[in-house]
2 protein chains.
Amino acid sequence: MLHRVIVAIGRNGYERVAPPLAEFEDELVGRLKSARAQDLLRVVDPISQRTLALRPDITAQAGRIAATRMAHRPRPLRLAYGGPILKLKTTQLRPERELIQAGAELIGSDSVTAAIEVLGVAIEALETAGVTGITVDLTLPDLIETLAAGPMPLTPARLERVRERLDAKDVGALAALDGQDYLPLVAAAGPIDRAVARLRLLDGVAPLAERLDAVERIAAAFAGRVGLTLDPTERHGFEYQSWIGFSLFADGLSGEIGRGGSYTILHADGREEPAMGFSLYIDPLVDAGLGQEPSRRVFVPAGSDPAAAAALRAEGWTTIAALGESDDPAAANCAFILRGTTPEPLQPSS
Amino acid sequence: MLHRVIVAIGRNGYERVAPPLAEFEDELVGRLKSARAQDLLRVVDPISQRTLALRPDITAQAGRIAATRMAHRPRPLRLAYGGPILKLKTTQLRPERELIQAGAELIGSDSVTAAIEVLGVAIEALETAGVTGITVDLTLPDLIETLAAGPMPLTPARLERVRERLDAKDVGALAALDGQDYLPLVAAAGPIDRAVARLRLLDGVAPLAERLDAVERIAAAFAGRVGLTLDPTERHGFEYQSWIGFSLFADGLSGEIGRGGSYTILHADGREEPAMGFSLYIDPLVDAGLGQEPSRRVFVPAGSDPAAAAALRAEGWTTIAALGESDDPAAANCAFILRGTTPEPLQPSS
């Protein structure tokens with residue numbers, strides 16, 4: 001399943017990188033704003049006496065590769081990755097400590113075109129994995145800060161309180177807080193056409209209009225292919241995203257199956273670089289039994305020609321060799337048996 | 001590369017298992033004789049306050065699955081695995097702490113037929129990965145103990161000293177030790193036909209004759225396909241193997257690329273179960289650039305039909321989308337550009 005997703009991402013020009021599972025902690029918690037030391041499983045390396053940390057996420061590692069080893073490479077730089085991550089804390093929905101993450105990062109741009117590319121690659125990878133009924137929830141992570149610093153001014157202290165009320169979707173408290181300017185943002189959450197139409201009513205708020213134009217371009221690119229919603233104030237889990245963030249869901253799969261958005265990579269010289277990316281969680285797809293192709297299993301009796309069995313494997317058959325005369329094709333779950341060079345159907349015993 | 005190897009193993013009826021990267025230490029250092037606590041990278045889990053260990057090997061984990069979760073499954077049980085392992089100590093040849101291991105275990109038999117199957121799967125997986133010029137070095141790990149307990153008797157104290165001299169291939173010391181019975185074993189190491197012929201001269205030593213018959217059957221199964229040698233006393237790294245062990249090498253690849261052999265799985269009730277398996281090391285194959293297929297890269301100008309690009313990806317093309325008018329197909333390493341629905345060759349600028 002991971003292979004299938006990585007191949008789909010790679011066909012969009014994303015080059016595979018393979019960051020290490022364990023890194024020196026100071027290198028893992030560096031560059032990108034996302035990595036938090038308290039989320040790491042740490043181990044003291046008895047040889048170097050330095051602290052190693054197990055990665056809880058591959059995005060930050062890919063960002064570091066873009067900012068160091070691949071800093072000289074032309075932009076846009078497209079990187080893909082996939083492999084295990086280790087979580088210190090688990091959730092009720094996902095009690096496993098170890099998860100498989102795949103993803104892609106487009107380094108050098110956070111434009112609307114970049115957002116459409118990245119979201120398109122994520123959707124295509126999920127479709128290739130057999131996922132259907134995909135829904136994309138868009139959010140505008142830094143919208144409140146942008147509005148508060150401009151057309152809908154808030155002092156830092158009031159901004160903090162307005163944010164808390166928005167996170168809680170607490171309309172009453174927001175009004176009591178004299179934050180009624182922001183009330184339409186709560187009411188707007190929902191299917192994308194309705195949400196955008198409601199937000200357009202906040203007439204003459206320039207940064208908002210620009211974001212809505214972007215959201216409409218994104219929505220138009222995927223209309224009819226996936227479901228789209230907008231919650232303009234949702235920021236949970238998007239703490240390090242800039243203007244756009246998205247979560248991916250699908251019919252029959254519990255919880256979020258991916259997320260992404262725009263962000264900023266910090267270079268060692270202080271330079272900031274725009275980027276856009278996504279991560280997919282592979283475990284829910286595997287748990288749902290997606291992408292399993294039934295194998296054609298043929299039992300190979302003792303004394304068969306090894307070349308005949310090898311030829312069948314090359315055609316995609318799974319061959320089960322007898323180890324002794326008493327081996328049972330049925331116990332080996334085979335529906336076929338090799339006779340000469342031909343697989344013949346086995347009759348189920350009546 | 002790992003995917004290719006795992007698929008090749010799977011086509012021989014080996015079912016994929018995915019043991020966790022980190023396990024509670026007492027569970028990892030359990031069952032199988034191979035796992036050594038001092039080789040483990042350990043971390044105290046802050047939540048359970050138990051010690052987690054990162055796996056240095058997947059073989060032991062597969063053995064544990066066979067003895068617990070799959071104890072009730074019919075035998076022979078065929079398991080495949082692949083993924084990262086973490087080494088506390090590294091070698092000069094392989095300074096990386098993190099390596100990718102793939103492998104297969106055949107549980108329930110350690111017969112000559114099982115040995116031929118397992119070695120054949122290992123060779124086929126390497127061949128599928130593009131490895132050529134494969135050599136198999138066979139060894140007979142418990143031969144000395146078997147001979148010392150039977151036809152060529154040694155007291156435990158003398159056995160230990162004879163073993164040390166054999167490990168050092170120290171012929172002079174072996175003779176001085178009154179271990180001359182064992183001298184032919186040292187002299188026999190080499191190409192398999194010659195080695196077996198020399199060992200046959202040790203007339204009338206029953207357990208040896210039986211082993212040589214087995215070695216000849218294995219050699220016959222792979223004659224002309226791989227190089228075969230026998231060193232009957234080599235035991236370095238085969239401490240937990242029983243009657244047969246093997247190392248895999250190949251032209252152009254430095255160091256051992258795989259190993260395996262027969263061993264015993266200990267069940268919780270004290271029962272011992274014969275097994276046969278192998279591990280392959282994927283990193284040397286990747287480092288050698290094996291299995292890389294050149295990708296056909298096509299640049300997709302802004303305004304192209306997304307469906308045309310998607311159709312090319314479905315045919316195996318890699319598409320690189322323009323993010324702006326200024327993007328350069330050459331910088332994106334594309335030899336083709338999409339015109340309408342057709343990739344057209346790009347002329348290198350002169």
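Nothing here was measured: the structure is a model prediction, and the numbers come from that model. As a basis for the values below, the full set of heavy atoms in this structure was taken, side chains included, without hydrogen atoms, waters or symmetry mates. Throughout, a chain's letter reflects where its sequence line sits, starting with A, and its residues are numbered from 1.
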Proximal component of B/Ala22, with respect to chain A [non-hydrogen, under 4.5 Å]
both

Could you give the distance from CD1 (B/Ile58) to CD (B/Gln101), rounded to the nearest 0.5 Å?
4.5 Å

Heavy-atom cut-off 4.5 Å, strictly under: side chain, backbone, both or neither for B/Pro76 against chain A?
side chain

For B/Val300 and B/Ala309 the tightest heavy-atom approach is CG2-CB, 4.1 Å

How close do B/Ile320 and B/Arg297 get, heavy atom to heavy atom, and via which atoms?
CD1-NH2, 3.3 Å

Is the backbone N or O of A/Ala53 less than 3.5 Å from a side-chain atom of A/Arg55, with the two atoms forming a donor-acceptor pair by type?
no

Which region of A/Thr319, side chain (C-beta onward) or backbone (N, CA, C, O), has a non-hydrogen atom less than 4.5 Å from a non-hydrogen atom of chain B, or is it both or neither?
both

Given that the side chain runs from C-beta out, which part of A/Leu312 has a heavy atom under 4.5 Å from chain B: side chain, backbone, both or neither?
neither

If we define contacts as heavy-atom pairs under 4.5 Å, which of B/Pro84, B/Pro306, B/Gly316 has the most with chain A?
B/Gly316

Could you name the residues of residues 114-129 of chain B that have a heavy atom within less than 4.5 Å of a heavy atom in chain A?
B/Ala114, B/Glu117, B/Glu124

Applying a criterion of heavy atom separation less than 4.5 Å, what residues of residues 6-16 of chain B form contacts with chain A?
B/Gly10, B/Arg11, B/Asn12, B/Gly13

Any side-chain heavy atom of A/Val17 within less than 4.5 Å of one from A/Met70?
yes

Carboxylate-amine/guanidinium proximity below 4.0 Å for B/Lys87 and B/Glu98
no

Over 60° means perpendicular and under 30° means parallel, so classify the ring planes of A/Trp317 and A/Phe336, tilted if in between.
perpendicular

State, without any angle test, whether B/Arg42 and B/Thr51 hold a side-chain donor-acceptor pair at a distance under 3.5 Å.
no

I'd like to know if the side chain of A/Trp243 and the backbone of A/Asp110 have a donor-acceptor N/O pair within less than 3.5 Å.
yes

Quick one: does B/Glu105's side chain have a donor or acceptor within less than 3.5 Å of a partner on B/Arg78's backbone?
no

Might you point out which heavy atoms bring A/Pro329 and A/Ile337 nearest each other, and give the distance in Å?
CG-CD1, 4.5 Å

Beyond-backbone contact of A/Leu52 with A/Phe24, side-chain heavy atoms, under 4.5 angstrom:
yes

